[in-house]
Q: 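Quick one: structure below, then a few questions.
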Amino acid sequence: MSGKTDRLVRQRFAPGTTTEDLKAYMAPFVATLGYKFNTEDEFVDEVLASELEIMEKTGDVFCPCRIRTGDPKEDAKIVCPCIPFYLEQFAAMRKCWCGLFIRTDVEDGAELIGVIEEPEDGVPVDVPVCRVEDLADGQVRHIKIGKRDIALVRVGEEYFALSNLCRHAYGPLSDGVLDGCYLMCPWHGWRYDVRDGSTDHPDADVRTYEVVMRDGLVMVVVTLH
Ligand code: SF4
Ligand code: FES
């Protein structure tokens, strides 16, 4: 990413910023990336109003669908518009996570509206991570949701999500080899059952996450604490 793009994304907004100010700033910026505001004006206003509410609390324009980690460097990636950081995923979905922005050639954005509620502590949130067809059978992909490092696995028509960190010496399980429902760590070969995170080694199971599929998207369910 160019320094110019980086600076634009990290622009701070002054107190008193309105939804119209956000629109005026964001529209030309996302246009350079091939996006425009959703065609559903009411939805756009609702999301932007939520972003402004969050800005009052945090000082930055975070969108309600993204999970803040508290780590300023990580959270800089989800300051709206976060499109430059997720170019591949958003291009595949034809929209950003929320659907606030859609690809410029999409005529009706009504179908592409996403989550707009700000996640609350203790409430599970379905986080879209890819399209169903993005992973082939037997493929594993590393994803991050907030601070969580997750290995997303496809076995047949089913998806599984488990912690990406091997309990032996923190090897990256998403770089491992999948054999049926067993994922072998690339470093020293510990095997994990992707269905429940279990391994033969005592007290070394990894945590798993529920995965749901909706509207052609794969979503990992996480709970904020
Ligand atoms: S997902 Fe969309 S609305 Fe949310 S921060 Fe990114 S660009 Fe903004
Ligand atoms: S780090 Fe995974 S087996 Fe050693």
Side-chain angles (χ1 to χ4, degrees), residues 1-87 89-90 93-104 106 109-129 143-150 209 217 219-225:
M1 184 187 326
S2 74
K4 185 170 172 239
T5 308
D6 199 40
R7 276 199 303 282
L8 281 168
V9 172
R10 287 151 199 258
Q11 175 173 322
R12 295 292 195 269
F13 294 92
T17 299
T18 65
T19 55
E20 292 308 311
D21 295 333
L22 289 187
K23 282 184 198 166
Y25 161 69
M26 290 174 173
F29 173 64
V30 299
T32 63
L33 300 165
Y35 289 80
K36 64 182 178 185
F37 275 108
N38 198 301
T39 51
E40 297 291 296
D41 295 339
E42 214 175 296
F43 172 73
V44 167
D45 287 338
E46 207 177 331
V47 176
L48 291 180
S50 302
E51 293 193 1
L52 288 176
E53 271 174 37
I54 295 171
M55 189 186 83
E56 275 180 26
K57 289 188 250 165
T58 66
D60 247 326
V61 185
F62 291 108
C63 110
C65 82
R66 308 308 309 276
I67 297 171
R68 297 185 299 280
T69 66
D71 172 349
K73 206 167 155 205
E74 278 302 308
D75 288 350
K77 296 179 192 165
I78 55 168
V79 171
C80 190
C82 65
I83 296 167
F85 295 98
Y86 304 94
L87 277 177
Q89 291 97 325
F90 292 172
M93 297 192 298
R94 319 286 301 143
K95 60 161 196 156
C96 68
W97 297 131
C98 303
L100 176 63
F101 299 107
I102 55 179
R103 298 288 293 172
T104 41
V106 176
E111 300 277 303
L112 298 178
I113 287 174
V115 185
I116 62 167
E117 298 297 324
E118 182 174 12
E120 287 172 30
D121 280 2
V123 176
V125 188
D126 299 349
V127 181
V129 291
I143 57 169
K144 270 188 88 80
I145 301 177
K147 285 182 178 165
R148 298 165 184 81
D149 256 324
I150 294 172
Y209 299 84
L217 294 174
M219 307 189 190
V220 175
V221 183
V222 295
T223 306
L224 301 188
H225 301 293

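Along the sequence shown, residues carry numbers from 1. Side-chain atoms are counted along with the backbone in the values below, which use heavy atoms only and exclude waters and symmetry mates.
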Q: side-chain contact (heavy atoms from CB on, under 4.5 Å), that's the test. Do Met55 and Thr17 meet it? Break it down for me.
A: CA-CA 9 Å; Met55 189 186 83; Thr17 299; 4.1 Å; yes
Q: For the backbone of Ala49 and the side chain of Thr19, can you confirm whether one donor and one acceptor N or O come within less than 3.5 Å of each other?
A: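 Answer holds: no.
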Q: For the residue pair Tyr35 and Arg103, what are the closest heavy atoms and their distance?
A: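 Smallest heavy-atom distance, with atoms named: CE1-NH1, 3.2 Å.
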Q: Can you list the residues that meet the ring pair (Phe, Tyr, Trp, His ring centres under 6.0 Å) rule with Phe62, with sequence neighbours excluded?
A: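 None.
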Q: Within the 4.5 Å heavy-atom criterion, are Leu48 and Leu100 side-chain neighbours or not?
A: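 Side-chain contact under 4.5 Å: yes.
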Q: Got a sec, which pairs hit salt bridge (Lys or Arg N to Asp or Glu O under 4.0 Å) with one end in residues 22-32, sequence neighbours left out?
A: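 Counting only pairs at least two positions apart or across chains, the salt bridge (Lys or Arg N to Asp or Glu O under 4.0 Å) contacts touching residues 22-32 are Glu20-Lys23, Lys23-Asp45.
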Q: One pair to check against side-chain contact (heavy atoms from CB on, under 4.5 Å): Lys36 and Ile102. What are the steps and the verdict?
A: CA-CA 6 Å; Lys36 64 182 178 185; Ile102 55 179; 3.8 Å; yes
Q: Which heavy-atom pair separates Cys82 from Ile78 by the least distance, and what is that distance?
A: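 Between these two residues, the closest heavy atoms are CB-CA, 3.9 Å.
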Q: Do you know the tightest heavy-atom contact between Phe101 and Pro81?
A: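 Smallest heavy-atom distance, with atoms named: CE1-CB, 3.7 Å.
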Q: Under the salt bridge (charged side-chain N to carboxylate O under 4.0 Å, His left out) rule, collect the residues that match up with Arg94, sequence neighbours excluded.
A: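 Scan of Arg94 (salt bridge (charged side-chain N to carboxylate O under 4.0 Å, His left out), adjacent residues dropped) gives Asp105.
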Q: Assess the residue pair Asp75 and Asp60 against the criterion (side-chain contact (heavy atoms from CB on, under 4.5 Å)); give the C-alpha distance rounded to whole Å, side-chain angles, the decisive distance to 0.1 Å, and a yes or no.
A: CA-CA 10 Å; Asp75 288 350; Asp60 247 326; over 6 Å; no
Q: Just by modelled atom types, is the Gly109 backbone N or O under 3.5 Å from a matching donor or acceptor in the Asn38 side chain?
A: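 Confirmed, Asn38 side chain pairs with Gly109 backbone.
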Q: Looking only at non-hydrogen atoms, find the nearest pair between Phe85 and Lys77 and report the distance.
A: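 Looking at all heavy atoms of both residues, the closest pair is CD1-O, 3.4 Å.
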Q: Taking all heavy atoms of Cys98 and all of Phe43, pick out the closest pair and write down the distance.
A: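 Of all heavy-atom pairs spanning Cys98 and Phe43, the closest is O-CZ, 3.2 Å.
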Q: List the atom of Pro124, the atom of Val221, and the distance in Å for their closest heavy-atom pair.
A: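 Answer, listing the atom of Pro124 first, then Val221: CB-CG1, 3.7 Å.
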Q: How would you list, by chain and number, every residue that makes a side-chain hydrogen bond (donor to acceptor under 3.5 Å, both in side chains) with Thr18, sequence neighbours excluded?
A: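 So Thr18 forms a side-chain hydrogen bond (donor to acceptor under 3.5 Å, both in side chains) with Asp21.
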Q: When rounded to the nearest 0.5 angstrom, what distance separates CH2 in Trp97 from OH in Tyr86?
A: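 The distance works out to 8.0 Å.
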Q: Do Val106 and Lys95 have side-chain heavy atoms sitting under 4.5 Å apart?
A: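 Side-chain contact under 4.5 Å: no.
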